Q: 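Structure provided below as structure tokens; questions to follow.
For the single chain, residues carry numbers from 1 onward in sequence order. Nothing here was measured: the structure is a model prediction, and the numbers come from that model. The figures here come from the full heavy-atom set of this structure, side chains too, leaving out hydrogens, waters and symmetry mates.
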Amino acid sequence: MKGFLKLKPKDLQMNAQMEKMTIEFNLNQLVELYKSNFNLRLELTTNIDNKPVARLYKATPKAKYSQEKQIFGFYFQSEDRRVEFLSDDYGKRFANKQADENYKKDKKAKNEKEALEVKVGDIFKDSWGYEQTNVDYYQVVAKPSNCFIVVKKISSKIINESTGCNMSAYIKPLPNEFINDKETKYKLNGKSIKTSSFSWAYKVENIETEKAYCSWYY
């Protein structure tokens with residue numbers, strides 16, 4: 001049986017140099033990848049015990065006292081462990097970034113598809129309020145483009161259905177019974193429109209069965 005090949009000291013030294021070069025290459029790559037993909041600064045140092053250290057920073061240009069915020073800072077028992085940790089951290093951040101981008105892409109496609117389904121005559125419902133529940137109905141009177149609609153507020157009526165409270169009721173919209181002639185243009189977000197800084201109106205899917213809860217305290 002043949003014995004194992006014994007490496008000469010020169011070969012061992014060369015292997016150690018190659019390993020060091022590989023680690024340095026990986027670390028330099030990670031520094032660049034953190035910067036290019038996340039705009040994060042990776043700082044690589046050693047501590048007083050000569051242990052490898054990695055710190056990750058996020059730029060905070062609007063902060064009053066510091067232009068950077070530290071995300072993490074760790075020391076490691078070996079260079080291999082530092083590379084392993086940073087590779088794993090970067091991989092997770094990159095996967096999360098891709099998932100977020102895919103979610104936004106799918107959401108945009110869904111919103112565009114739903115916006116195409118909105119047509120003149122459709123009714124939107126806006127339910128809002130803090131101490132009481134207010135409900136406003138809007139009717140689409142024009143659609144100048146695929147992503148914009150023009151609406152007018154319409155009246156509603158109380159329906160004969162108990163809510164169990166004498167200061168609340170169910171109401172339903174009255175299509176074509178406009179409260180006034182005011183027209184407002186809104187950008188569609190799927191089948192919804194942002195009617196104010198605190199409220200959204202959503203398309204009524206079935207006008208025949210539509211009802212909304214409202215309440216008052218005066």
Side-chain angles (χ1 to χ4, degrees), residues 25-44 54-63 66-74 82-130 133-154 173 183-210 212:
F25 175 76
N26 289 336
L27 288 173
N28 289 335
Q29 262 198 326
L30 285 164
V31 169
E32 180 57 35
L33 288 171
Y34 272 109
K35 180 66 176 176
S36 60
N37 286 320
F38 306 114
N39 197 28
L40 300 176
R41 183 173 72 86
L42 178 61
E43 180 183 85
L44 303 170
R55 295 184 181 90
L56 192 64
Y57 296 91
K58 177 182 180 180
T60 54
K62 295 183 180 180
S66 175
Q67 297 299 296
E68 286 186 321
K69 177 182 179 181
Q70 183 172 311
I71 298 174
F72 66 67
F74 301 109
R82 179 164 69 171
V83 172
E84 181 185 355
F85 171 84
L86 292 173
S87 298
D88 182 62
D89 178 76
Y90 173 81
K92 289 177 180 177
R93 290 178 190 275
F94 188 77
N96 289 338
K97 181 183 178 184
Q98 282 193 315
D100 185 55
E101 289 174 350
N102 290 336
Y103 169 78
K104 290 177 180 178
K105 183 180 178 181
D106 292 343
K107 185 178 180 181
K108 181 181 178 183
K110 179 175 179 288
N111 285 344
E112 289 175 349
K113 179 178 179 295
E114 289 183 346
L116 290 174
E117 298 173 7
V118 176
K119 60 186 183 301
V120 173
D122 283 343
I123 307 297
F124 281 73
K125 175 175 64 179
D126 184 2
S127 180
W128 57 279
Y130 180 66
T133 304
N134 306 288
V135 178
D136 295 319
Y137 284 105
Y138 301 88
Q139 184 170 331
V140 181
V141 295
K143 191 176 183 183
S145 68
N146 288 336
C147 56
F148 282 94
I149 57 173
V150 178
V151 302
K152 292 171 68 173
K153 191 177 287 189
I154 59 174
E183 296 184 349
T184 309
K185 186 178 181 181
Y186 291 107
K187 183 178 181 179
L188 283 165
N189 182 17
K191 295 181 181 180
S192 64
I193 54 175
K194 189 174 184 180
T195 54
S196 68
S197 61
F198 55 84
S199 185
W200 288 77
Y202 297 87
K203 181 178 177 293
V204 173
E205 296 297 340
N206 190 332
I207 194 67
E208 298 300 324
T209 60
E210 167 60 20

Q: Taking the side chain as every heavy atom from C-beta outward, state whether Tyr138 and Ile149 have any atom pair closer than 4.5 Å.
A: no
Q: Drop me the distance from Phe94's CZ to Asn37's CG, to the nearest 0.5 angstrom.
A: 5.5 Å
Q: side-chain contact (heavy atoms from CB on, under 4.5 Å) between Thr195 and Asp136: does it pass, once the steps are laid out?
A: CA-CA 10 Å; Thr195 54; Asp136 295 319; over 6 Å; no
Q: If you look at every heavy atom in Arg82 and Ala54, which pair is closest and at what distance?
A: CD-CB, 4.1 Å
Q: Could you go step by step and tell me if Lys125 and Val135 meet the side-chain contact (heavy atoms from CB on, under 4.5 Å) rule?
A: CA-CA 7 Å; Lys125 175 175 64 179; Val135 178; 4.0 Å; yes
Q: Counting distance only, does the side-chain N/O of Thr60 pair as donor-acceptor with the main-chain N or O of Ser66 below 3.5 Å?
A: yes
Q: What's the separation between atom NZ in Lys152 and atom OG1 in Thr184, rounded to the nearest 0.5 Å?
A: 10.5 Å
Q: So which atom in Gly190 and which in Glu114 form the shortest heavy-atom distance, rounded to 0.1 Å?
A: CA-OE1, 3.7 Å
Q: Less than 4.0 angstrom from a charged side-chain N to a carboxylate O is my criterion; do Lys203 and Glu205 meet it?
A: yes
Q: Nearest 0.5 Å, please: how far is CG in Leu40 from CD in Glu68?
A: 10.0 Å
Q: Can you give me the closest heavy-atom contact between Pro144 and Lys185, atom names plus distance?
A: CG-CE, 4.1 Å
Q: Which atom names give the shortest non-hydrogen contact between Arg93 and Tyr34, and what distance separates them?
A: CD-CE2, 4.0 Å
Q: Checking side-chain contact (heavy atoms from CB on, under 4.5 Å) for the pair Leu188/Phe124: CA distance, chi angles, key distance, verdict?
A: CA-CA 11 Å; Leu188 283 165; Phe124 281 73; 4.0 Å; yes
Q: So how far is it from Trp200 CH2 to Ile193 CD1, rounded to the nearest 0.5 Å?
A: 9.5 Å
Q: Between Phe198 and Tyr130 (judged by ring centroids, cut-off 6.0 Å), do the two rings come close enough to count as a pair?
A: no
Q: Locate the shortest heavy-atom distance separating Lys143 from Leu116; write the atom from each residue and the value.
A: NZ-O, 3.7 Å
Q: Calculate, to the nearest 0.5 Å, the distance between atoms OH and OG belonging to Tyr137 and Ser127 respectively.
A: 8.5 Å
Q: So that I can tick it off, tell me whether Asp106 and Lys110 are bridged by a salt bridge, with the cut-off set at under 4.0 angstrom between side-chain N and carboxylate O.
A: no
Q: Looking at Lys113 and Glu117, is there a salt bridge between them, counting it only when a charged N and a carboxylate O are closer than 4.0 Å?
A: yes
Q: Can a salt bridge be assigned to the pair Asp100 and Lys97 using a cut-off of 4.0 Å between side-chain N and carboxylate O?
A: no
Q: So, the side chain of Ser192 versus the backbone of Asn189: is there a donor-acceptor pair under 3.5 Å, distance only?
A: yes
Q: Is there a donor-acceptor pair closer than 3.5 Å between any side-chain N or O of Asp88 and the backbone N or O of Glu84?
A: no
Q: So, taking the atom named CD1 in Ile71 and the one named CZ in Arg41, what distance separates them when rounded to the nearest 0.5 Å?
A: 11.0 Å
Q: I'd like to check Asn111 versus Lys108 (side-chain heavy atoms, cut-off strictly below 4.5 Å). Are they in contact?
A: no
Q: Could you go through Leu44 and Leu86, starting from their C-alpha distance and side-chain angles, then the distance that decides it, and tell me whether this counts as side-chain contact (heavy atoms from CB on, under 4.5 Å)?
A: CA-CA 11 Å; Leu44 303 170; Leu86 292 173; 3.9 Å; yes
Q: What class does the angle between the rings of Phe72 and Phe74 fall in, given that below 30° is parallel, 30 to 60° is tilted and above 60° is perpendicular?
A: parallel
Q: Are Glu210 and Asn206 close enough that some pair of their side-chain heavy atoms sits under 4.5 Å apart?
A: no
Q: Can you give me the closest heavy-atom contact between Leu30 and Val83, atom names plus distance?
A: CD1-O, 4.4 Å
